[in-house]
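Only one structure is covered here, and it is reproduced in the block below.
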Amino acid sequence: MERSEIIIGGDTAGIEWRVPVFRFRGRDSAAPSVYIQAALHANELPGTALLHFLLERLRTAEAEGAIRGDITVVPQANPIGLAQYHFGEMEGRFDLGSRTNFNRDFPLVALAGRDTLLEKLESRSAADRLKRMLLHTALGADLVLDLHCDDESLQYAYIDDAFWPEAADLASTLDMEAVFLSDGESTAFEEAVGHAFKHQGGDKLKTVPGRLAITVELRGRRDVYPDMARRDADGLWAFLAGRGIVTDPAHKAKPYAGPAVPLDNIEMVKAPEPGTVLFHRGIGDEVKAGDLLATLIVRPGEAGGTLAVTAGHDGLIATRCSARHARRGDDLMKIACREATRRDRKPGTLED
Ligand SMILES: [Zn+2]
């Protein structure tokens, strides 16, 4: 294993960020290569815990000669967000300096333009530099996994349908309970990787066999436990074994049995008015259209001061917000439905 660092100069004097990168050289040049990063949203740590245990296993595998493909791991991708503590809470999603989401505004380049990502780096902000250097590193691999988490959530993933159903093996080994098929139309890290893979010269490719770009949502922000992280590390190891990146004679493939639904089928349940949230249903529940999901106390203490929030469609509750006060229009839940819930959804991500 080789440990190096991506070094990012700060936007003010005296500051420098260091991002550790771990590389294992494969002994089989025909085996696929993989890049895995976690905590690009700095306050999403299930992936960091997973990769800590996976790296432990990979070091053992290396000593045993069991690494066939090149493996690059960045277990904590965003030291800028990690340091943004304000009034006791980490702001890991948005860069305070530029007010941009750390997982948006990645440059969309063709694979052949990979090195243009590093042009004029010195004139760019620290957050932009970080994004470009992570993307540049990732585009050196065939398979790219970006590990995130939701608020309260089942295990699920966003994947451009250009990589589906080939990626069902990862959904299976990580015991995902749902897969959201995205349209590849945003500037999130995973979609910038997907963009490069689909633009390899000539026309845009509709499918890209042997490549992968995926955002894995490793349950909720608080789902950071030793047993869970070890189990997920075993799941990722099984994926690597199945793809021939590591050798594991004990590996057995199993099919993915969960739902895979397009983003148009995701019902975003919103708070129609501000209020205190009383949830009646939780993640993993199957619901029918009209089922009571939550009661909002909009005028506390007054007769008739509550408002019922009901499901618009049949489906599986995949995520739920952890806050117990909602502003008008705040997202309360995501429900994976069997049918399209909105015909007016703009292409791109479900959330800012
Ligand atoms: Zn995230």
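We count residues from 1, following the sequence as given. Atoms within each ligand, like the ligands themselves, are counted from 1 in listed order.
Evaluation of the side chain to side chain donor-acceptor pair (under 3.5 Å) test over residues 295-306, restricted to residues two or more places apart or in two chains, returns H280-T295.
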message = Go through it in stages, so that I can follow the logic: the residues are L296 and V277, the test is side chain to side chain contact (heavy atoms under 4.5 Å, CB included), and I'd like the CA-CA distance, side-chain angles, deciding distance and then a yes or no.
response = CA-CA 5 Å; L296 294 179; V277 186; 3.8 Å; yes
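Taking a cut-off of 2.8 Å, the protein N, O or S atoms nearer than that to the Zn ion (ligand 1) are H41 ND1, E44 OE1, E44 OE2, H148 ND1.
The distance from the CG atom of D151 to the OG atom of S322 is 3.5 Å, given to the nearest 0.5 Å.
The backbone N or O of F163 lies less than 3.5 Å from no partner atom in the side chain of E166, so there is not a single donor-acceptor pair. Side-chain atoms of E267 come within 3.5 Å of backbone atoms of H313 as a donor-acceptor pair (strictly under, hydrogens ignored).
Of all the heavy atoms in A42 and G81, the pair that sits closest is CB-C, 3.5 Å.
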